[in-house]
Amino acid sequence: MNNETEYQSAPAFLNDLSDVQREAVTYNDGPTLIIAGAGSGKTRVLTYKIAYLLHCGIPAARIMALTFTNKAANEMKERISNLVGLKHARYLHMGTFHSVFLKILRLEAEHLGYNKDFTIYDATDTKSLLKNIVKEMGLDEKIYKPAALYDRISRAKNNVISPAQYARDSRQTSLDRKDRLGRMPEIYQMYVTRCRRANAMDFDDLLYYTYLLFDQNPELQRYYQERFDYVLVDEYQDTNPLQDLIIKQLVIRHQHLCVVGDDAQSIYSFRGACIENILQFRTTYPSTKLFKLEENYRSTQNIVNAANSLIWKNRGQIRKEVFSNKEKGEQLHLIDTATDRKEAEYIAETVYRLKRKNTCDYNQMAVLYRTRAQSRALEEAMRAYGIPYIIYGDLSFYQRKEIKDALGYLRLCTNRNDEESLRRIINTPARGLGDTTLTKLWEAARAYDTTVWKVVCNPLQYDVKINKGTQKKLADFASMFQVFDQMRHQLDAYELAKDIIKHSGLGESLLADKDEESLSRYENLQELLNGIHEFVELKKKEGNESATLAEFLAEVSLLTDMDTQEDDQPHITLMTIHAAKGLEFHTVFVAGLEEQIIPSPRSISENDIEEERRLLYVAITRAEKTCYLTYARCRFRNGKSEFATPSRFLSDIDSRYLHNTNKQAFSQEKTSFKGWISDEPVTHTQHKPHTPNKLVSTGQAYQKTEEKKHISVEGLSVGCRVHHKIFGNGTISAIFEENGNIKAEVNFDQQGKKSLLLKFAKLERI
DNA sequence: TGACCGCGTCTTTTT
DNA sequence: GACGCGGTCA
């Protein structure tokens, strides 16, 4: 490390840190492993360390900081900006593994035989491609399921196994044969070939090709080693072998590496994360200096102790003693309920009560669950109690059909070889190019070993047997893209996208049907355009005049819904435990603490069970003050009610830290719920005495969500005069919920009655 | 070629 | 319960 650092006066911000934290931040003489217990200020240490490095004179552009989520990256960037100012922080190479390496790959694509405008295939594209490969190979689609194949290919790549190596790996192939997937090696090979031909990379490729790039081009590896003086890695316990290797490639010479993690919070092994990376870090980098952050600044003693007692039941871990100096606090509340519905109701009622007593704001509460399926009952209950909520991980904006269609056009525009986009949009909107034609095109492309796009442009040359009508349709389709191509050089990404949506007929086809659904889809398209517009403007502000469509598309494909959630009004958060990692809340509800849920029935080995235990550990340690653990005796799953038994993990928690609440206590309490829902009284489930040992079908008990409830929201209510950017002025005639979305029915002066999604409609009050 | 219906399958977690 | 798929019909 630069010797000058020694002589610089210590920056004032170091005083914000505890002694151990400060030591960890200022030690920069070699590989550093920071084991950071839950709530111990991990992000703080990482951000301060970066700020400190900047203070020591290392240019921001020479620091690489890798995280797992965009959210974590953005948060750190913001915090660093607060410490050292935005003008420094801006040039940091900070982001997710995927986004940071993507930037490198764009620059070096040719070394890998790729074109720099390559497309990124998301999980949907990947599965669709695999499905087609299976079809083409004439295999049984019931056995060769895309998800299973993707899983194996992903696993292979994340363990740095090429198709050729895969085929030679007898352990792997016999495993495949056991699952009747004997053709896996060919599928893997074919998949790689097809991605290449499509000039596309999937998520794993962004890592895999980075590794290959360095591995096959020593001089490039050398360049990037020197390009980055310091590499930092967040959530190191979640790295997979491939990520670990790339890190090694980058730092092997200077060893200026700092990793932060907590083995107790390793919950992504299903995605190839390898807890051994952190456990063996000191073997890989023998001169490692280890720091342990064991003081938890987040939670009360009771919560920390309860979590400790649970996690100590695991065998494989770096022993540490997380402690809290905060107040002792409440015990964890253990709640036993009759059914999943009752559980959800209990939670909603408690949330309502806490809010009413001003104990806790909505924003400071979260409900965590193991599986997505659990969210439905919770959602219903929140709605019934008029509690504003957000579900993380719902179908994200970019996953909607109309958005994916539009993106398909944009993608095809930047990369003609993107076969998945072509497949998606060639007949969207319908233009008479159906399955039969598609099959012929794809078959011809394979027969002539060429790209589908070439066949589309010249079907006769490749012996595609189609009639005159179809030829014309294909020619029209192809020439449409020729026009786009010309515009591409004259317009910025926003204007280009606008034109494409217009000329492709996508927008029109949605406007043609007058139903609400199409309308909201049309609005989504507008919203997409707004997004591109913002992107272009942002890039211009940053001095990047040539914000290309490709850049936007790349950004979008690496975005998850985690990053796009807007929280304009206070709300409680519903999410999976996985999604909650790194977050903290005053009050946390962990729902569904039952066998078959946590641990999941898929967890078989002891290692699996330990990961599930860590999962619960993560859940509990999200809580600052209050933590509710709930379970139901009977749960509705797979379309029927099933008995459930409390999770084994509950007995792992030392009973001293648990308070077992009598389940009957809450259902006696009668409260009337008014307030957020104003007009109509809420239809409550009757508190019938429940019959414990009878299977009750709760199916019909779910309320119809289409039922219109009149509510007022975001300062809008019935009778308001509003302005809409497309439909002009109008009067709100109703506000109601539908499928979890809040909609307004507006009587427009010019255009008549329309129902609009408030989320997107951006109605302005006039 | 598109719309509709009934059947089977699935439910872990996501960059 | 929800979605996707394959089959059938217009």
Side-chain angles (χ1 to χ4, degrees), chain A residues 66-73 95-102 120-124 126-128 131 135 141-142 145-148 150-151 154 157-158 201-207 235 238-240 242-243 266-273 340 368-377 380 392-393 395-396 399 427-438 469-470 473 554 556-563 575-581 592 596-604 608 611-612 614-616 618-619 635-642 697-702 705 739:
Chain A
L66 302 168
T67 66
F68 275 83
T69 62
N70 296 305
K71 203 177 167 201
T96 61
F97 281 85
H98 298 266
S99 70
V100 169
F101 295 148
L102 168 65
I120 299 170
Y121 274 177
D122 67 13
T124 317
T126 294
K127 283 183 207 153
S128 149
K131 194 177 159 187
K135 217 181 256 175
E141 293 177 56
K142 294 246 160 57
K145 291 182 201 150
Y150 183 26
D151 195 56
S154 174
K157 285 182 187 162
N158 284 312
M201 292 194 191
D202 68 19
F203 288 137
D204 301 314
D205 288 334
L206 295 180
L207 305 177
E235 308 276 17
D238 289 331
T239 51
N240 62 40
L242 179 56
Q243 289 162 324
S266 158
I267 54 174
Y268 279 106
S269 76
F270 72 93
R271 220 168 68 192
D340 51 345
L368 311 182
Y369 37 81
R370 178 65 179 76
T371 65
R372 285 265 147 91
Q374 292 169 255
S375 69
R376 195 172 306 122
E380 302 275 345
Y392 266 63
L395 193 61
S396 94
Q399 295 293 315
N427 201 31
T428 313
R431 46 173 76 87
L433 297 168
D435 265 353
T436 326
T437 312
L438 286 203
T470 310
K473 289 168 193 161
V556 159
S557 56
L558 294 179
L559 220 59
T560 61
D561 32 316
M562 290 272 284
D563 312 308
M575 61 182 151
T576 64
I577 301 174
H578 283 89
K581 199 170 74 164
Q596 308 298 311
I597 291 193
I598 184 165
S600 138
R602 293 214 177 179
S603 312
I604 302 154
D608 295 340
E611 176 145 328
E612 298 285 307
R614 290 194 292 270
L615 205 46
L616 182 55
V618 168
R635 181 170 295 274
F636 199 73
R637 49 182 355 208
N638 295 348
K640 52 181 185 290
S641 276
E642 284 173 359
S697 164
T698 54
Q700 81 277 20
Y702 284 109
T705 54
N739 304 324

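Every value quoted in this text rests on a predicted model; they were computed, and no experiment measured them. Throughout, protein chains are lettered first and strands after them, A, B, ... in sequence-line order, and every chain is numbered starting at 1.
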The nucleotide from B:dT15, B:dT9, B:dT14 with an atom nearest the side chain of A:T69 is B:dT15

Classify A:Y268 by what it touches in the nucleic acid, base, sugar-phosphate, or nothing, heavy-atom distance under 4.0 Å.
sugar-phosphate

Taking 5.5 Å and 30° as the limits, would you call A:F270 and the base of B:dT13 a stacked pair?
yes

Check every atom of B:dT14, C:dG1, B:dT15 against the side chain of A:T576 and return the nucleotide holding the closest atom.
B:dT14

A:I120 versus A:H98: any side-chain heavy-atom pair under 4.5 Å?
no

Between CD of A:E642 and P of B:dC10 the distance, given in whole Å, is 15 Å

It should be established whether A:R637 places a side-chain nitrogen or oxygen under 4.0 Å from OP1 or OP2 of nucleotide B:dC10.
no

Would you sketch DNA chain C in dot-bracket for me? Only Watson-Crick or G-U wobble pairs with both distances under 3.5 Å count, crossing pairs as [ ], other-strand pairs as |, the rest as dots.
||||||||||

Taking atom OG of A:S154 and atom CZ of A:F270, what is their separation to the nearest 0.5 Å?
10.0 Å

Close side-chain approach of A:T67 and A:E235, heavy atoms under 4.5 Å:
no

Just how far, in rounded Å, is C1' of B:dT14 from CG of A:D122?
12 Å

For the side chain of A:K131, starting at C-beta, report the closest nucleotide among C:dC5, B:dT15, B:dT1.
C:dC5

A:F636 has its side chain closest, among B:dG2, C:dG1, B:dT14, to C:dG1

Among C:dA2, B:dT15, B:dG2, which nucleotide has an atom closest to any side-chain atom of A:N427?
B:dG2

Could you check if a side-chain atom of A:L66 sits within less than 4.5 angstrom of a side-chain atom of A:F101, using non-hydrogen atoms only?
yes

Just how far, in rounded Å, is P of B:dT13 from CD of A:E612?
11 Å

A:Q374 CD to C:dG1 P, straight-line distance once rounded to whole Å:
17 Å

d(CG, A:L616; C1', B:dT13) in whole Å:
15 Å

Starting at the 5' end of DNA chain B, which residue's closest nucleotide do you reach first, A:R602 or A:G432?
A:G432

Which class fits the ring pair A:F68 and A:F97: parallel under 30°, tilted 30 to 60°, perpendicular over 60°?
tilted

Distance check needed: B:dG2 C1' versus A:L433 CG, whole Å only.
14 Å

If you check every side-chain atom of A:A430, which of B:dG2, B:dT15, B:dT9 has the closest atom?
B:dG2

Any side-chain heavy-atom pair of A:K157 and A:D205 under 4.5 Å:
yes

Can you check the A:N240 CG to B:dT14 C1' distance for me, whole Å?
13 Å

Among B:dT15, B:dC10, B:dT14, the one nearest any side-chain atom of A:R372 is B:dT14

Round to a whole Å and report the spacing from NZ of A:K145 to P of C:dC5.
13 Å

Looking only at side-chain atoms of A:T436, point me to the closest of B:dT13, B:dT15, B:dT1.
B:dT1

Nucleotide of B:dT15, B:dC10, B:dT14 approaching A:A579 most closely (side-chain heavy atoms)
B:dT14

By nearest-nucleotide position on DNA chain B, the 5'-leaning member of A:F68 and A:A373 is A:A373

If you check every side-chain atom of A:R376, which of C:dG1, B:dT9, B:dT15 has the closest atom?
C:dG1

Side chain proximity check, A:S603 to A:E611, heavy atoms < 4.5 angstrom
no

Could you grab the distance from atom OG of A:S269 to atom CG of A:D608, nearest 0.5 Å is fine?
6.5 Å

